[in-house]
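Note that the structure is a prediction, hence the values are computed from the model and not measured.
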Amino acid sequence: MNLYSLSISIKRALFYMALFVLYLNFNFAQLIPNVQSSSLWVVKEDMIDTSKINSIFNFAEKNNIDKLFIEVFTDGEALYNSKLVPQYIKSDSVFFDPLNYFIKKAFNYNIEIHASINAYLLWSQSVSPSDTSHYYYNCNDCFEKDFNGKSDGNINFLDYQSKKWEGIFISPIHPDVNPFLFSVVSDLIENYSIDGIHFNYIRYQDSFFGYNSSGIKNFFNIHDFNPKDLHRGLISPRFGYTKVEVDSLNLLWDNYRVNKITELVRSVKYKIITDTLDIQLSASVKPNYNESRNRWYQDWMAWIDENIIDFV
């Protein structure tokens, strides 16, 4: 892709949104004139009762905000009526549906409601989930693993976590994870008249993650080699492989991790199209594209080129 095409793609990706905090990996100054609306991010703590939500709409009206991105699925819990996942326990009551209230309220303000979903980040609190129906307890094999085999499912909440610790992730390469997330999205778009679905944390934790055991097994069955052998040095010129072969196998493994995330984005977009729904699909991404793809396996430029996402 040449620089001109890259510029056009980036402008298209950022066409709709103005962010209150801009990361400076790109020269945003030249892109701002293409932004045609203002958006506000609403965290779950500000959605627990009607008074908090009313104050958000008052602020939005005073500041000409026309899009609200609201956290409706975060830490594996719903801020809407769901039969699939437990409800956020700090909501006003078990009978209060924050998302439904937002939708009804927005009708009078001419504000779009985009439902934000924390995709692969399942839990970020300092204690384990209290509700045993939480996905944390439903798929012991679905947790993310790093290259050394350390599973997020074995994290001891009593231990000190590093300052960079974001929480417990589930693995994009596990065969049950994307179907679970797809069912969460499907439940939302089939039961609520929202303007958009927004994916947050639609990525791996870092480049040395993505080694879920079941995912590795599926990869081996398809490609007949264990990607861990690349990092162990067992697949190298020392053992008869050419540099071209090693590079090719590394690329195959990286693309496998990339494609698992892309598959989720594509499946949701195709459902929106198939059901002829007027819903936009967007995602929060790492702004430096090369780092986004090669470190976080988040190929957002390809999503734009394939028209499976509306903006990032």
Legend entry - Minimum side-chain heavy-atom gap F102-I194 below 4.5 Å: no

Inset, instruction - May I ask you to check whether S124 and D75 show a side-chain donor-acceptor distance below 3.5 Å? - result: yes

Legend entry - Linked, directly or transitively: V265 and L277 (ILVMFWY side chains, under 4.5 Å): yes

Inset, instruction - Would you check if the side chain of E306 reaches a backbone N or O of W303 as a donor-acceptor pair within less than 3.5 Å? - result: no

Inset, instruction - Answer with yes or no whether the side chains of R293 and N288 bring together a donor and an acceptor at under 3.5 Å. - result: no

Legend entry - D66 side chain near N110 side chain, heavy-atom distance below 4.5 Å: no

Inset, instruction - Would you tell me whether D97 and Y192 have side-chain atoms, one donor and one acceptor, within less than 3.5 Å of each other? - result: yes

Inset, instruction - Sort and list the pairs that fulfil ring pair (Phe, Tyr, Trp, His ring centres under 6.0 Å) and have at least one residue in residues 133-152, not counting sequence neighbours. - result: W123-H134, Y135-F180, Y136-F143, F147-Y211, F147-H231

Inset, instruction - Answer yes or no: is there a donor N or O on one side and an acceptor on the other, between the side chain of W300 and the main chain of K286, under 3.5 Å? - result: yes

Inset, instruction - Report yes or no: do K145 and S171 form a side-chain donor-acceptor pair below 3.5 Å? - result: no

Legend entry - Residue pairs, two or more places apart or on separate chains, that pass salt bridge (charged side-chain N to carboxylate O under 4.0 Å, His left out) and touch residues 159-187: E166-R203

Legend entry - Q205 and W296 side chains, donor-acceptor separation under 3.5 Å: no

Legend entry - Backbone N/O of A78 and side chain of S82: donor-acceptor pair under 3.5 Å: no

Inset, instruction - For the pair N156 (side chain) and L158 (backbone), establish whether a donor and an acceptor sit closer than 3.5 Å, ignoring hydrogens and angles. - result: yes

Legend entry - R257 side-chain N/O to S207 backbone N/O, donor-acceptor pair under 3.5 Å: yes

Inset, instruction - For residues V43 and M47, report the shortest heavy-atom separation together with the two atoms involved. - result: O-CG, 3.6 Å

Legend entry - Interatomic distance, D195 atom CG to L68 atom CG [nearest 0.5 angstrom]: 10.0 Å

Contacts table for residues 216-228: side-chain donor-acceptor under 3.5 angstrom, sequence neighbours left out:
from: N221; atom 1: ND2; to: K217; atom 2: O; distance (Å): 3.3
from: N226; atom 1: OD1; to: K228; atom 2: N; distance (Å): 2.9

Legend entry - Test item: N81 and N100 side chains (from C-beta on) under 4.5 Å apart, heavy atoms: no

Inset, instruction - Inspect the contact between R295 and D206 and indicate whether a charged nitrogen and a carboxylate oxygen are less than 4.0 angstrom apart. - result: yes

Legend entry - Single-linkage hydrophobic cluster L249~F208, side-chain heavy atoms < 4.5 angstrom: no

Inset, instruction - Check the surroundings of atom CZ in F107: do more than 12 heavy atoms from other residues, nucleotides or ligands lie under 6.0 Å from it? - result: no

Legend entry - Atom pair CG/CG of L281 and N307 - distance to nearest 0.5 Å: 12.0 Å

Inset, instruction - Work out which heavy atom in V42 is nearest to a heavy atom in I56; give both atom names and the distance. - result: CG1-CD1, 3.4 Å

Inset, instruction - State yes or no: do V285 and F209 share one hydrophobic cluster built from I, L, V, M, F, W and Y residues joined by side-chain heavy-atom distances below 4.5 Å, directly or via other members? - result: no

Inset, instruction - Answer yes or no: is there a side-chain heavy-atom contact under 4.5 Å between T242 and E245? - result: yes

Legend entry - Verdict with reasoning, I202 to Y120, per side chain to side chain contact (heavy atoms under 4.5 Å, CB included): CA-CA 6 Å; I202 187 160; Y120 299 112; 3.9 Å; yes

Inset, instruction - Please assess N54 against Y101 for the test side-chain hydrogen bond (donor to acceptor under 3.5 Å, both in side chains), listing each intermediate value before the final yes or no. - result: CA-CA 10 Å; N54 291 342; Y101 189 82; 2.8 Å; yes

Legend entry - Cluster overlap I189 with Y270, hydrophobic side-chain contacts below 4.5 Å: yes

Legend entry - Contact check, side chains of I155 and Q161, non-hydrogen atoms, under 4.5 Å: yes

Inset, instruction - Any chance you could lay out the side-chain hydrogen bond (donor to acceptor under 3.5 Å, both in side chains) test for T74 and N118, step after step, and finish with the verdict? - result: CA-CA 5 Å; T74 176; N118 282 0; 3.0 Å; yes

Legend entry - Non-hydrogen atoms of S126 and F157 that approach each other most closely: O-CB, 3.3 Å

Legend entry - Those residues that, when tested against D278, pass side chain to side chain contact (heavy atoms under 4.5 Å, CB included) (two or more places apart): none

Legend entry - Between T262 and D299: side-chain donor-acceptor atoms closer than 3.5 Å: no

Legend entry - Main-chain N/O of S284 paired to N200 side chain as donor or acceptor, under 3.5 Å: no

Inset, instruction - For residues I113 and F69, determine if any side-chain heavy atom of one lies less than 4.5 Å from a side-chain heavy atom of the other. - result: no

Inset, instruction - Answer yes or no: is there a donor N or O on one side and an acceptor on the other, between the side chain of S292 and the main chain of P287, under 3.5 Å? - result: no

Inset, instruction - Consider only side-chain N and O atoms of N178 and K260, and report whether a donor and an acceptor are under 3.5 Å apart. - result: no

Legend entry - Residues S282 and H114: side-chain donor-acceptor under 3.5 angstrom: no

Inset, instruction - Output all residues satisfying side chain to side chain contact (heavy atoms under 4.5 Å, CB included) with N58, sequence neighbours left out; order by chain, then residue number. - result: Y109

Legend entry - Shortest non-hydrogen separation from I170 to P172 and the atoms involved: O-CD, 3.5 Å

Inset, instruction - May I ask you to decide whether K52 forms a salt bridge with D49, counting only side-chain N to carboxylate O separations under 4.0 Å? - result: no

Legend entry - Ion pair D310/K269, N-O distance below 4.0 Å: yes

Inset, instruction - Taking all heavy atoms of A115 and all of L188, pick out the closest pair and write down the distance. - result: CB-CD1, 4.4 Å

Inset, instruction - Apply side-chain hydrogen bond (donor to acceptor under 3.5 Å, both in side chains) to D131 and list each qualifying residue two or more places apart in sequence or on a separate chain. - result: S133

Inset, instruction - Identify the two heavy atoms, one from L79 and one from E71, that lie closest to each other, and give their separation to 0.1 Å. - result: CD1-O, 3.5 Å

Inset, instruction - Compute the ring centroids of Y297 and Y204, then answer whether they are less than 6.0 Å apart. - result: yes

Inset, instruction - Output yes when D146 and K150 qualify as a salt bridge under the 4.0 Å nitrogen-oxygen rule, no when they do not. - result: no

Legend entry - Whether S248 side chain and V244 backbone form a donor-acceptor pair below 3.5 Å: no

Inset, instruction - Kindly say whether G210 contributes a backbone atom to a donor-acceptor pair with the side chain of E144 at under 3.5 angstrom? - result: yes

